[in-house]
Amino acid sequence: MQSSSAISQPVRVRFAPSPTGYLHVGGLRTALYNYLFAKHHNGKFILRIEDTDQSRKVEGAVESLISALEWAGVHYDEGPGKDGGFGPYVQSERLKTYHRYAAQLVEHGNAYYCFCTQQRLEDLRERQNAQKISPAYDRRCRDIPKEEAARRKDSGESCVVRMKVPISGDLTFEDRIRGKVTIAHKVLDDQVLIKSDGFPTYHLAVVVDDHLMQISHVIRGEEWLSSTPKHIMLYRYFGWNVPQLAHLPLLLNPDKSKLSKRQGDVAVEDYRSKGYLKEALINFVAFLGWNPGDEREIFTMDELIKEFSLERVGKAGAVFNVEKLNWLNFQHLRRKTDSEVLTMVKEELTRWALDNSKFTDDYLLMVIGAMRERVSFAKDFVEKSPYFFKPPEEYDSDVVKKRWKPETPEYLKKLSDEFSQLNEPREDEYEAVLHRTAEALKVKQGELIHPLRLAVSGMGTGPGLYDILFIIGKDETMRRIRTAVEKLTGR
RNA sequence: GGCCCUAUCGUCUAAGGGUUAGGACGCCGCCCUCUCAAGGCGGUAAUACGGGUUCGAAUCCCGUUAGGGCUACCA
C-alpha cells in the first residue's frame, strides 16, 4: 500500500496520551521510542492530547504529562504550545474537523447514523452474552434510508455515527514489529465514530489526525493492535495512505500481568520523587523491549538516538524490574561530574533540613569523593553517611557488641591524646599515629580502628577510617571520641 | 466464550538452521581489605510441552499449554 515514494517522506511520529492522570512508565517508554525514532531519522516528535472522553478528563493532567516528559528529556517538537502548522494538538479543539470527515463517510455510504438508545444496546449485549455469542451491534440502523436518517437527525433525535464494516472477507496489514496480521471482517463491529455528545471516538480521531498531521509512523502500545484493522479500513474509505505501523510489547508486573498500580510505582513522577535519575529511567525503559544487539548496557539519550531502530524492538512483554533500575541509577550517578553531584547533595541536605550553609563546597566535595562508590542515589550521601553532617546520635548495637570491649575506652583516650599533638593532620598522619599507638599498646590495629570508626560514625561501615577522620577534622574526631566513651562506658 | 498477539536463566535479553546457548541485574563464593562498597576472578540458572521439516532446530511449520491484549457512545 505504501508506495516507494513514501520512504522519502519525512519522519513524523506522535505520542498521543489521554489526559486521565499522571504519565505512566509504559507511556514514557512509548513516548521515548517515538522520540528516539524521530530523532534518529531527523524527524519530528509530536505530542497530541486525546481528550475525546469527557467523562475521564482529569484536571491538570495535561500539565503533569508535559512536565514528566520534559523532566525525562523527551521533548516534543510540536504539540500544545508549540504549533508546527498542524494544530490544534488537542482533540477537543478539533471537533469540527472530525464532523466534516464523518459526514464525508456518511455521504459516501461508508458510515451511517445510528439511533439506537444506550438502553437497547445494553439489552442487546445482555441477550448476546446469555446466548453465548460475541457481543456486537446488530446493525439495525445500517439500512435506514439516508433521507430518513437525515430527517430524524435534523429533528434532533439523538444519534451516533457508525462505520460500515464489510460483512465478509478479511483484512491483512503489515506491522513493523509483528509482521503480517490478518483479521476477518465478521469479527469487527460497526464501530461508533461520533458519539452522541458530538465527540469523536478514538478510532475516528486518531485516523483523521494522523493523516492531517502527516504522521509517517504510528508507534504505539500493543493494546491497539486489535483495533488497527478498523483504522486501516477508515484510511481506505478516505483514500489515504496508511502510515507505517509498529505495535510495542506491553510492560508487565512481576507476575506478568499488565503493569499496574497496586504492584508498585507506575508513575514517572513516583520514580522522580524517589530520587531516580532521568538518565537511569530512560536507559532502563529503553531496554525494556529493545537492545542494541551487542553487550553495551549504559546508554545516554544521545547514544540511544544514534542506535535506536524498530528492527531491534522485541515482541514479548517485559517485566519492570526495579533491581536493574537501581543498578542503572548507580551507573549513571557515578558518571556524573563532582559538581553535578554537589548540586544534588545540596538539594538533599535542604530536603533533610540540615543546615546547608554550614558545609563548604570543598567539604561536600570531600564527602562526595569518599562516598561515590558506595551510593546509588543522591540521597544516600545523607542517608548512608549522616555522620559527615552531624555527630552520631546512637551507635549500631551489633557493632558495639562486636567491637567495643572493656579496654576500648582506655585505648581511645590514648589515641585521642596522641591526635591532640597533631597539627591539621592529613589521612596518613592519622594512620601513622594509630599505627604507633597500637604498637605501644601491643594490640592489633583493628582493636583501635573498629571502635574508632564506631565512635566517630556510629556505624560499622563506610569509607576508609582515615578519610572520615580527615574530613570531619581533628577537633570533631576528639569530641566524638569523648562522647562515645561517655555513652558507651558502663552501659 | 470469540478474535488477535506472545513464549530463551528468577528478571532484562543475545544467538534470525551448525555456538560448550553469550551478556547484564540479582544471588553465592574467592581475591583485595580497617568495615562497607567499588574493582577483579569464579559459580548458580534458560530454549514451556508434543509432533513434524532437515544430515542438523532455540531458530522454520503444525498442535497443545500458559500468559497478555481486544471484545464500550474508554482510550
Side-chain angles (χ1 to χ4, degrees), chain A residues 16-20 50-56 114 116-118 121-122 125 129 132-137 158-162 175 177-179 181-184 186-189 191-203 205-206 220-229 247 249-250 252 254-258 284 287-298 312 314-328 330 334 371-376 384-385 399 402-403 431 434 444-450 452-454 457 459-466:
Chain A
S18 290
T20 54
E50 311 225 322
D51 59 344
T52 56
D53 187 350
Q54 294 295 284
S55 63
R56 294 211 313 165
C114 169
C116 294
T117 62
Q118 302 212 32
L121 262 17
E122 253 170 61
R125 219 175 349 257
N129 279 329
K132 292 201 195 305
I133 48 178
S134 301
Y137 178 55
S158 175
C159 69
V160 302
V161 175
R162 286 184 185 271
D175 186 274
I177 293 170
R178 279 151 224 287
V181 179
T182 300
I183 192 159
K186 66 175 179 211
V187 303
L188 261 24
D189 210 351
Q191 181 67 49
V192 169
L193 263 19
I194 300 278
K195 299 180 264 188
S196 55
D197 66 358
F199 278 73
T201 57
Y202 173 84
H203 309 287
V206 76
R220 78 229 299 189
E222 194 187 352
E223 68 267 30
W224 297 110
L225 191 62
S226 17
S227 41
T228 300
H247 288 91
L250 265 14
L252 275 21
D255 71 355
K256 299 266 189 185
S257 59
K258 187 179 173 183
F284 176 65
F287 270 66
L288 254 23
W290 173 88
N291 72 82
D294 53 38
E295 281 165 3
R296 290 170 300 160
E297 299 236 54
I298 313 299
R312 295 210 62 86
K315 301 177 186 187
V319 173
F320 190 95
N321 160 242
V322 184
E323 297 285 348
K324 190 136 188 182
L325 173 58
N326 290 343
W327 176 77
L328 278 172
F330 168 70
R334 65 186 302 186
M371 291 301 291
R372 247 188 184 289
E373 302 289 290
R374 280 162 251 265
V375 301
S376 291
K384 288 192 167 178
S385 53
V399 182
K402 188 172 175 197
R403 307 291 193 187
E431 182 170 8
L434 187 136
K444 285 197 272 190
Q445 291 184 50
E447 296 292 313
L448 302 180
I449 289 172
H450 296 298
L452 180 52
R453 169 188 295 284
L454 179 67
S457 76
M459 48 184 80
T461 63
L465 173 65
Y466 309 115

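Note: hydrogens, waters and symmetry copies are ignored here, and every other heavy atom, side chains too, is used. In the text below, chain A, chain B and the rest are named by the order of the sequence lines, each starting its count at 1. Here the structure is a predicted model, which means the values were calculated and not measured.
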Candidate nucleotides [options], ranked by approach to the side chain of [X] - the nearest:
X: A:T461; options: B:G69, B:G23, B:C36; value: B:C36
X: A:V187; options: B:C25, B:C3, B:C74; value: B:C3
X: A:Y202; options: B:C73, B:A75, B:C25; value: B:A75

If pairing requires Watson-Crick or G-U wobble contacts with both distances under 3.5 Å, which nucleotide is the partner of [N]?
N: B:U19; answer: none
N: B:C60; answer: B:G52
N: B:A14; answer: none
N: B:A66; answer: B:U6
N: B:G29; answer: B:C41
N: B:C34; answer: none
N: B:A46; answer: none
N: B:C73; answer: none

Whole-Å gap separating [atom2] ([N]) and [atom1] ([X]):
X: A:R453; N: B:C36; atom1: CZ; atom2: P; value: 9 Å
X: A:M459; N: B:A37; atom1: CE; atom2: P; value: 14 Å
X: A:E373; N: B:A38; atom1: CD; atom2: C1'; value: 5 Å
X: A:R374; N: B:A38; atom1: CZ; atom2: P; value: 10 Å
X: A:Q54; N: B:A72; atom1: CD; atom2: P; value: 22 Å
X: A:K444; N: B:U35; atom1: NZ; atom2: C1'; value: 15 Å
X: A:H203; N: B:C73; atom1: NE2; atom2: P; value: 9 Å
X: A:R403; N: B:C36; atom1: CZ; atom2: C1'; value: 11 Å

Query raised in the report: Got a salt bridge between A:R296 and A:D294, using NZ or NE/NH1/NH2 to carboxylate O under 4.0 Å?
Result: yes

Look at all strands and tell whether [X] reaches a base, only sugar-phosphate, or nothing, counting heavy atoms closer than 4.0 Å.
X: A:G446; answer: nothing
X: A:C116; answer: base
X: A:L328; answer: nothing
X: A:F330; answer: sugar-phosphate
X: A:S227; answer: nothing
X: A:P249; answer: nothing
X: A:P19; answer: nothing
X: A:S196; answer: base

How far, in whole Å, is [M] from [N] if one measures between their [atom1] atoms?
N: B:G43; M: B:G51; atom1: C1'; value: 37 Å
N: B:A15; M: B:C28; atom1: C1'; value: 27 Å
N: B:U19; M: B:U13; atom1: P; value: 25 Å
N: B:A48; M: B:A37; atom1: C1'; value: 40 Å
N: B:C3; M: B:A21; atom1: C1'; value: 35 Å
N: B:A7; M: B:G50; atom1: C1'; value: 15 Å
N: B:U44; M: B:C30; atom1: C1'; value: 15 Å
N: B:G40; M: B:C32; atom1: C1'; value: 8 Å

Restricting to non-hydrogen atoms, name the atom on [X] and the atom on [Y] that form the minimum distance, rounded to 0.1 Å.
X: A:G317; Y: A:L252; value: C-CD2, 3.6 Å
X: A:E373; Y: A:R334; value: OE1-NH2, 2.9 Å
X: A:L288; Y: A:F320; value: CD2-CD1, 3.8 Å

Query raised in the report: Which parts of nucleotides 4-15 of chain B does protein reach within less than 4.0 Å, heavy atoms only, written one letter per nucleotide 5' to 3' as B for base, S for sugar-phosphate only and - for none?
Result: SBSS---SBSSS

Requested in this report: Just say parallel, tilted or perpendicular for the rings of A:Y202 and A:W224, cut-offs at 30° and 60°.
Outcome: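 A:Y202 and A:W224: parallel rings.
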
Any sub-3.5 Å donor-acceptor pair from [X]'s side-chain atoms to [Y]'s backbone N or O?
X: A:T20; Y: A:R56; answer: no
X: A:K195; Y: A:T52; answer: yes
X: A:D189; Y: A:Y137; answer: yes

Query raised in the report: Mind checking whether A:I298 and A:W327 have side chains closer than 4.5 Å, heavy atoms only?
Result: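 Yes, side chains in contact.
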
Report task. Decide yes or no for A:L452 and A:L434: does some side-chain heavy atom of the first lie under 4.5 Å from some side-chain heavy atom of the second? Result ->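 They are in contact (side-chain heavy atoms under 4.5 Å apart), so the answer is yes.
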
Query - OG1-CG distance between A:T228 and A:D175, expressed to the nearest 0.5 angstrom - result: 7.5 Å

Does [X] make a side-chain N or O approach to OP1 or OP2 of [N] shorter than 4.0 Å?
X: A:R125; N: B:C73; answer: yes
X: A:T52; N: B:C74; answer: no
X: A:R334; N: B:A38; answer: no

Requested in this report: Specify the residue among A:Q118 and A:H450 whose closest nucleotide of RNA chain B lies further upstream toward the 5′ end.
Outcome: A:H450

